[in-house]
Amino acid sequence: MSDAENNEQRRIDVDETLPSVEIPRRILNDLYSHAIQSLPEECCGLIVGTDDDRYQSLVRCRNEMTMRHRQDPVEYPRDGSEAFYMNSLDYMIAHEEAEARGARVTAVYHSHVGVGAYLSGMDLAYAESENFPFPDADHIVVAIFDRKVDSVGSFRKDGEGQSFLGRTVISSGT
């Protein structure tokens, strides 16, 4: 089995028995808006915060997957409707600006178009890569069907085995 096929078989779903993650309504509204505006492609971006306030601001990043697919379809067999490749300048600037104000990147987000809110094998490979710039960040996935938000999940490494656990997301009042 190839690495690509193996990645496709791995995935982390939301575990409805675990406690939900609360994210401020304004952050979720920004994320949902970004996901819908990016159609037919996936959106991607970062959420910046601190240990005490994980979800302070959302930073939209450009999805370069379609451009990379057009340049090298063998290396990048999917376009932006099925995957994301976050613009490195966008995330470096966000990271530097966060650090300058005493914050950090606490979450990476992206959307899935026409499929559920799960952490796919490709998402896991990215999150577990040695080159991933935010190893302690959560991963938030929003599922879009028919131009509407269907579901959203938050995925965080558990403290023990360092595997990801998926939780439902609920909106807090702020």
Side-chain angles (χ1 to χ4, degrees), residues 1-14 23 26-49 55-98 104-157 164 166 169:
M1 180 181 300
S2 73
D3 286 343
E5 290 169 330
N6 190 33
N7 277 344
E8 284 310 304
Q9 292 189 354
R10 293 178 58 207
R11 82 181 230 182
I12 307 292
D13 289 296
V14 169
I23 298 179
R26 65 183 168 71
I27 297 294
L28 287 175
N29 286 343
D30 278 351
L31 194 161
Y32 299 162
S33 175
H34 188 198
I36 291 166
Q37 290 169 3
S38 296
L39 290 169
E41 297 199 343
E42 294 187 1
C43 73
C44 59
L46 306 170
I47 297 176
V48 174
Y55 309 105
Q56 292 177 354
S57 62
L58 180 140
V59 179
R60 293 180 178 201
C61 295
R62 291 169 285 179
N63 181 355
E64 294 185 343
M65 187 57 87
T66 294
M67 177 191 70
R68 290 178 180 274
H69 172 71
R70 286 180 184 144
Q71 291 173 346
D72 188 351
V74 173
E75 179 71 21
Y76 301 97
R78 297 179 180 196
D79 67 13
S81 68
E82 296 181 307
F84 77 98
Y85 192 103
M86 194 176 297
N87 176 279
S88 58
L89 182 60
D90 290 351
Y91 74 70
M92 286 190 299
I93 289 170
H95 173 70
E96 289 171 5
E97 288 176 354
R104 64 184 177 85
V105 172
T106 55
V108 173
Y109 73 84
H110 74 281
S111 59
H112 282 174
V113 180
V115 296
Y118 56 86
L119 207 55
S120 71
M122 185 183 281
D123 299 335
L124 282 165
Y126 176 58
E128 294 170 343
S129 165
E130 287 180 17
N131 297 325
F132 182 66
F134 311 110
D136 297 326
D138 298 346
H139 293 263
I140 299 170
V141 181
V142 60
I144 303 294
F145 286 89
D146 297 323
R147 300 194 59 78
K148 293 184 178 98
V149 173
D150 178 73
S151 58
V152 61
S154 177
F155 304 86
R156 182 182 292 176
K157 287 182 181 176
F164 283 89
V169 172

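Residue pairs that meet the salt bridge (Lys or Arg N to Asp or Glu O under 4.0 Å) test with at least one member in residues 85-96, sequence neighbours left out, are Arg62-Asp90. Applying the salt bridge (Lys or Arg N to Asp or Glu O under 4.0 Å) test to residues at least two apart or on different chains, the pairs with a partner in residues 65-77 are Glu64-Arg68. Sequence neighbours left out, not one pair with a member in residues 145-155 passes salt bridge (Lys or Arg N to Asp or Glu O under 4.0 Å).
A search for ring-ring contact (aromatic ring centres under 6.0 Å, His included) contacts involving Phe134 returns Tyr91, His95, not counting sequence neighbours. Evaluation of the side chain to side chain donor-acceptor pair (under 3.5 Å) rule for Asp123 yields His110, His112, Ser120 as partners, not counting sequence neighbours. Residues meeting the salt bridge (Lys or Arg N to Asp or Glu O under 4.0 Å) test with Arg60, sequence neighbours left out: none. With sequence neighbours excluded, the residues that form a side-chain contact (heavy atoms from CB on, under 4.5 Å) with Val113 are Leu39, Glu42. In terms of the side chain to side chain donor-acceptor pair (under 3.5 Å) criterion, residue partners of Ser57 (sequence neighbours excluded) are, by chain and number, Arg101. A search for side-chain contact (heavy atoms from CB on, under 4.5 Å) contacts involving Ala35 returns Cys43, Ser111, Val142, Ile144, not counting sequence neighbours. Scored by the ring-ring contact (aromatic ring centres under 6.0 Å, His included) test, His34 finds Tyr109 as partners (sequence neighbours excluded). In terms of the salt bridge (Lys or Arg N to Asp or Glu O under 4.0 Å) criterion, Glu41 has no residue partners (sequence neighbours excluded). Residues forming a side-chain contact (heavy atoms from CB on, under 4.5 Å) with Ser81 (at least two apart in sequence, or on another chain): Asp79.
Nearest heavy atom pair, residue Asn63 against residue Gly80, reads ND2-O, 3.7 Å. Pairing each heavy atom of Ala117 with each of Ala143, the nearest pair is N-CB, 3.5 Å. The two atoms that bring Gly153 and Val14 nearest to each other are CA-CG2, 3.8 Å, heavy atoms only. Shown here for Met65 and Phe84, the closest heavy-atom pair between the two residues is CE-O, 3.6 Å. Contact between Cys61 and Met86 at its shortest, heavy atoms only, is CB-CG, 3.5 Å.
Taking CD1 of Ile12 as the start and CZ of Phe164 as the end, the distance is 8.0 Å to the nearest 0.5 Å. Distance check: Leu58 CG to Ile23 CD1 gives 10.0 Å after rounding to the nearest 0.5 Å. The SG atom of Cys44 sits 8.0 Å away from the OH atom of Tyr126 when rounded to the nearest 0.5 Å. In this structure, CD on Gln56 lies 11.5 Å from CD1 on Ile47, to the nearest 0.5 angstrom. Going from atom CG of Leu119 over to atom CD1 of Ile140 covers 11.5 Å, rounded to the nearest 0.5 Å. In this structure, Asn87 CG and Ile93 CD1 are separated by 8.0 Å, a value rounded to the nearest 0.5 Å.
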(request) Apply side chain to side chain contact (heavy atoms under 4.5 Å, CB included) to Val59 and Glu97, showing your working. (result) CA-CA 11 Å; Val59 179; Glu97 288 176 354; over 6 Å; no
(request) In sequence, state the C-alpha distance, the side-chain angles, and the governing distance for Tyr55 and Leu28, and then conclude on side chain to side chain contact (heavy atoms under 4.5 Å, CB included). (result) CA-CA 10 Å; Tyr55 309 105; Leu28 287 175; over 6 Å; no
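For the pair Arg78 and Met122, the minimum side-chain heavy-atom distance is below 4.5 Å. No side-chain heavy atom of Phe155 sits less than 4.5 Å from a side-chain heavy atom of Leu124. In this structure the side chain of His69 never reaches within 4.5 angstrom of the side chain of Glu82, judged on heavy atoms.
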